[in-house]
A.B. asks: 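To start, I am sharing the structure in question, which I have written as structure tokens.
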Amino acid sequence: MNTSLHQQFMTAAIELAQTSIEHCGGPFGAVIIKDGQIIGRGSNQVTRNNDPTAHAEIEAIRNACRNINRYALTGCTLYASSQPCPMCLSAIYWARIDKVYYANTYEDASKIGFDDAFIFRELRLPDEQKSITLARIKEPDVREKALQVFQSWEQSEFKKPY
């Protein structure tokens, strides 16, 4: 892709970040590109919608999936005004996005109060050392019920692999 298109798409993401601030959202924006066209846009809506998952990248993924009527974004590129946080990076992997370009870094975001370093540290810890309780219920009847749901999925006519 040529430099002017990279600049055009990154500028679109940055403009969404600025507009987000003006509409009571956070300072983050993202666009998703397929075949040289923007198919998804998102800006940070966490404080505006009281939704901790409403990050720009996730909003852009939701918008793109609605627009192309698919849950996989294979062949797409995401431009983000800032380096994606752990949650957004996970969503990017789940969405099967091929490439991500970003402008601001984790360090830049940390300087204005958006510090993800503790999440990266937590993810590397064993469950019993995490700052939140993360424990598996081991009673046999609970396990059996949970496994039955997975067996139902395996046999479901509505099953779609992703």
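Since the model is a prediction, treat every value here as computed from it, not as a measurement. Nothing fancy with the numbering, it's 1 onward along the sequence. FYI, side chains are in, hydrogens and waters are out, and symmetry mates aren't considered; it's all heavy atoms of this structure.
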A.B. asks: Side-chain contact test, heavy atoms from C-beta onward, threshold under 4.5 Å: evaluate it for Ser43 versus Thr19 and give yes or no.
C.D. replies: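 Ser43 vs Thr19: side chains apart.
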A.B. asks: Any link between Ile39 and Ile92 through a network of hydrophobic side chains (Ile, Leu, Val, Met, Phe, Trp, Tyr) touching at under 4.5 Å?
C.D. replies: yes
A.B. asks: Looking only at non-hydrogen atoms, find the nearest pair between Tyr79 and His6 and report the distance.
C.D. replies: OH-ND1, 2.6 Å
A.B. asks: Indicate if Phe28 and Leu16 have the same hydrophobic cluster label, given that clusters are the connected sets of ILVMFWY residues with side-chain heavy-atom separations under 4.5 angstrom.
C.D. replies: no
A.B. asks: So, do Tyr71 and Lys160 sit near enough that their side-chain heavy atoms are less than 4.5 Å apart?
C.D. replies: yes
A.B. asks: Between Ser131 and Glu122, what is the shortest heavy-atom contact and its length?
C.D. replies: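 So the minimum-distance heavy-atom pair works out to N-OE1, 2.8 Å.
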A.B. asks: What side-chain hydrogen bond (donor to acceptor under 3.5 Å, both in side chains) pairs are there with at least one residue in residues 20-42, not counting sequence neighbours?
C.D. replies: Gln18-Glu22
A.B. asks: Give a yes or no on whether Ile38 and Leu5 share a hydrophobic cluster (residues Ile, Leu, Val, Met, Phe, Trp, Tyr; joining criterion: side-chain heavy atoms under 4.5 Å apart).
C.D. replies: yes
A.B. asks: Mind checking whether Tyr106 and Phe120 have ring centres under 6.0 Å apart?
C.D. replies: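 Aromatic pair counts; centres sit under 6.0 Å.
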A.B. asks: Just by modelled atom types, is the Val46 backbone N or O under 3.5 Å from a matching donor or acceptor in the Asn44 side chain?
C.D. replies: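 It does hold such a pair.
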A.B. asks: Between atom CD1 of Ile58 and atom SG of Cys88, what is the distance when rounded to the nearest 0.5 Å?
C.D. replies: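 The SG atom of Cys88 is 4.0 Å from CD1 of Ile58, to the nearest 0.5 Å.
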A.B. asks: Please answer whether the main-chain N or O of Ser152 pairs with a side-chain N or O of Ser156 as donor and acceptor at a distance below 3.5 Å.
C.D. replies: no
A.B. asks: Calculate, to the nearest 0.5 Å, the distance between atoms CE and OH belonging to Met10 and Tyr102 respectively.
C.D. replies: 9.5 Å
A.B. asks: Donor-acceptor check, side chain of Lys130 to backbone of Leu125, threshold 3.5 angstrom: yes or no?
C.D. replies: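 Present.
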A.B. asks: Has the side chain of Asn104 got a donor or acceptor atom that lies under 3.5 Å from a matching backbone atom of Ser82?
C.D. replies: no
A.B. asks: Do Ser81 side-chain atoms and Gly29 backbone N/O form a donor-acceptor pair below 3.5 Å?
C.D. replies: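 Confirmed, Ser81 side chain pairs with Gly29 backbone.
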A.B. asks: Kindly check if the number of other-residue, nucleotide or ligand heavy atoms within 6.0 Å of CD1 (Ile137) is above 12?
C.D. replies: no
A.B. asks: Is there a side-chain contact between Leu78 and Leu73 in this structure, where contact means two heavy atoms from C-beta onward sitting under 4.5 Å apart?
C.D. replies: no
A.B. asks: Identify each donor-acceptor pair in which a side-chain atom of residues 141-151 lies under 3.5 Å from a protein atom, sequence neighbours left out, and give them as a table.
C.D. replies:
none

A.B. asks: With a 4.5 Å heavy-atom cut-off, do Thr77 and Val100 have their side chains touching?
C.D. replies: no
A.B. asks: In terms of hydrophobic clusters joined by side-chain contacts under 4.5 Å, are Phe9 and Tyr101 together?
C.D. replies: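 Same cluster: Phe9 reaches Tyr101 through Ile, Leu, Val, Met, Phe, Trp or Tyr contacts under 4.5 Å.
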A.B. asks: Would you say that Val31 contacts Ile33 through its side chain, given a criterion of any heavy-atom pair below 4.5 Å between the two side chains?
C.D. replies: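 Side chain of Val31 against side chain of Ile33, heavy atoms only: contact under 4.5 Å found.
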A.B. asks: Could you check whether any side-chain N or O of Asp108 sits under 3.5 Å from a backbone N or O of Thr105, counting only pairs where one atom can act as donor and the other as acceptor?
C.D. replies: yes
A.B. asks: Hey, are the side chains of Asp116 and Pro86 touching, using non-hydrogen atoms and a 4.5 Å cut-off?
C.D. replies: yes
A.B. asks: Filter on salt bridge (Lys or Arg N to Asp or Glu O under 4.0 Å), then keep only pairs touching residues 56-82, sequence neighbours left out; what's left?
C.D. replies: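 Pairs touching residues 56-82 that pass the test: Glu59-Arg62.
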A.B. asks: Between Thr133 and Asp127, is any pair of side-chain heavy atoms under 4.5 Å apart?
C.D. replies: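 The answer is no, as the side chains (C-beta and beyond) never meet within the 4.5 Å cut-off.
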A.B. asks: Which heavy atom of Gly40 sits nearest a heavy atom of Asn63, and at what distance?
C.D. replies: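 It is CA-OD1, 3.1 Å.
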A.B. asks: State yes or no: do Phe118 and Leu123 share one hydrophobic cluster built from I, L, V, M, F, W and Y residues joined by side-chain heavy-atom distances below 4.5 Å, directly or via other members?
C.D. replies: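 They do share one cluster, since a chain of ILVMFWY contacts under 4.5 Å joins Phe118 to Leu123.
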